[in-house]
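These values consider heavy atoms only, across backbone and side chains, with no hydrogens, waters or symmetry-generated copies.
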Amino acid sequence: MGDERDQITTQPDLGRREAITASSVTDALPPEAAAERGDDPLLGWLVDGRYQVTGLIAVGGMGAVYEARDTEADRRVAIKTLQPRFAEQPRVVQRFVREAEVLARSRSPHVVLVWGDGRLPDGRAYYVMEYLEGESLADVLERTRGPLDPVRAVKIGLELAAALEHAHALGLVHRDLKPENIFLCRTEEGEERVKVLDFGLAKALDGSMDVTKAGEVLGTPGYMAPEQIRGATMDERTDVYAAGVVIYEMLTGRMPFDGDAIVDIMLAHVEEPVPLPSELDPPVRLPVLLEWIAMCCLYKEPERRFQTAAELRAELENAARLYHIR
């Protein structure tokens with residue numbers, strides 16, 4: 001059984017406490033092991049006549065990410081591919097291709113840029129994106145093992161809200177927002193910048209791009225809104241809930257609901273009140289406004305949350321002004 005961060009595709013019966021199958025994106029060979037075995041045919045390839053593949057960055061259960069050199073633009077890029085075994089699974093390929101299309105439409109400084117996509121000779125779908133140097137928010141939280149500095153948490157929250165605002169303006173709901181999909185890199189001026197990744201589960205607000213089956217639940221249990229777990233209608237407020245979980249985790253060093261059983265975590269998101277940071281054991285003392293912002297994202301009922309990412313961003317800006325955060 002994976003942990004609470006595992007992404008799932010399932011149809012849970014919330015009235016029964018049975019195990020729910022989870023598939024981790026980190027259960028495959030590490031990049032160095034795959035390279036040592038010499039069984040990666042893409043290494044050394046010239047993709048699409050211009051992208052020279054130079055190394056393997058990461059590999060997981062669904063796909064892999066490679067480093068490459070764009071020989072025409074003379075820049076480092078990253079190439080994301082599906083694992084070969086998914087080449088003949090239309091719904092998986094559809095989601096992957098749609099992710100490339102979604103990201104190619106984006107021009108936000110807080111959403112990873114995509115420059116092209118296609119198929120490899122072995123049938124694998126791929127897309128080419130900007131090469132990012134830095135680390136994920138998940139890595140930061142794991143290393144910190146406690147609350148982040150509230151100043152840093154507010155800054156990250158502001159840029160996260162801006163990324164969601166941009167995605168929602170494009171008519172998309174991310175549906176899988178979590179620290180693993182929030183990348184922290186540096187600008188030329190040395191400032192930390194947020195980049196939101198992995199729009200593979202993104203859904204058009206009008207439903208026109210959805211490739212899920214009726215009743216299918218997609219996402220990562222620890223960050224899923226109640227309506228997402230129930231398989232009900234999702235909109236911008238679903239992402240606001242996930243952003244609230246991330247903000248709560250940054251401010252407290254722990255998630256609202258934790259545990260070994262995925263179904264228990266999902267049930268808690270649907271049924272149990274989120275504990276106030278000040279009521280945790282040990283309690284986490286936060287500025288009142290920051291605690292209020294996190295909790296306003298985490299109401300069970302979507303109509304009680306911030307209604308848009310823009311509203312969340314505005315309140316975080318108020319906090320930044322109040323606490324002199326630049």
Residues passing the ring pair (Phe, Tyr, Trp, His ring centres under 6.0 Å) test with W45, sequence neighbours excluded, are none
| message | Between V128 and V47, does the side-chain contact (heavy atoms from CB on, under 4.5 Å) criterion hold? Intermediate values first, please. | response | CA-CA 10 Å; V128 181; V47 176; 5.8 Å; no
field: Note, V245 side chain near F257 side chain (heavy atom, < 4.5 Å)
entry: no
Test side chain to side chain donor-acceptor pair (under 3.5 Å), reference Y223, set K178, Q228, E249, output is E249
- Could you check M250 against T144 for side-chain contact (heavy atoms from CB on, under 4.5 Å), going step by step and ending with a plain yes or no? CA-CA 10 Å; M250 288 194 293; T144 304; over 6 Å; no
Next on the checklist: Within the 4.5 Å heavy-atom criterion, are L164 and E236 side-chain neighbours or not?
Outcome noted: no
### R50 with D48: basic N within carboxylate O range, under 4.0 Å
no
Checklist entry - How about E272 and D264: do any of their side-chain heavy atoms sit closer than 4.5 Å? => result no
For S278, the side-chain hydrogen bond (donor to acceptor under 3.5 Å, both in side chains) test, sequence neighbours excluded, returns E291
| message | A side-chain contact here means heavy atoms from C-beta on lying under 4.5 Å apart; do R186 and E191 qualify? | response | no
message = Can you confirm whether V194 sits close enough to L184 that some side-chain heavy atom of one is under 4.5 Å from a side-chain heavy atom of the other?
response = yes
Residue pairs passing the ring pair (Phe, Tyr, Trp, His ring centres under 6.0 Å) test with at least one member in residues 105-157, sequence neighbours excluded, are F96-Y127
Next on the checklist: Less than 4.0 angstrom from a charged side-chain N to a carboxylate O is my criterion; do D149 and K155 meet it?
Outcome noted: no
Working note: R313 + E317, criterion salt bridge (charged side-chain N to carboxylate O under 4.0 Å, His left out); need CA distance, chi angles, decisive distance, verdict. CA-CA 6 Å; R313 180 176 55 79; E317 287 176 345; 2.9 Å; yes
### Message
Check D70 with R76, please: is the shortest side-chain N to carboxylate O separation under 4.0 Å?
### Response
no
- Item | R193/E130 ion pair, N-O < 4.0 Å | no
So, do E311 and V240 sit near enough that their side-chain heavy atoms are less than 4.5 Å apart? no
Review item, side-chain donor-acceptor pairs of residues 134-142, under 3.5 Å, at least two apart:
residue: E135; atom: OE1; partner: R143; partner atom: NH1; Å: 2.8
residue: E135; atom: OE2; partner: R143; partner atom: NH2; Å: 3.0
residue: S136; atom: OG; partner: A138; partner atom: N; Å: 3.4
residue: S136; atom: OG; partner: D139; partner atom: N; Å: 3.1
residue: S136; atom: OG; partner: D139; partner atom: OD2; Å: 3.2

H168 versus T308: any side-chain heavy-atom pair under 4.5 Å?
no
Quiz item: Under the 3.5 angstrom rule, does the side chain of N181 hit a backbone N or O of D176 as a donor-acceptor pair?
Solution: yes
Sorted by chain and number, sequence neighbours left out, ring pair (Phe, Tyr, Trp, His ring centres under 6.0 Å) with Y241 holds for H269
**Item:** side-chain contact (heavy atoms from CB on, under 4.5 Å) between D74 and R69, intermediate numbers included
**Value:** CA-CA 7 Å; D74 190 25; R69 168 67 59 181; 3.6 Å; yes
- Query: When you look at M129 and L197, which way does the side-chain contact (heavy atoms from CB on, under 4.5 Å) test go after all the steps?
  - Reply: CA-CA 10 Å; M129 58 185 176; L197 314 176; 5.9 Å; no
Applying ring pair (Phe, Tyr, Trp, His ring centres under 6.0 Å) to Y299 and not counting sequence neighbours gives none
Contact check, side chains of V114 and E99, non-hydrogen atoms, under 4.5 Å = no
Indicate yes or no for a side-chain donor-acceptor contact from Q307 to the backbone of R305 under 3.5 Å, with no hydrogens or angles considered.
yes
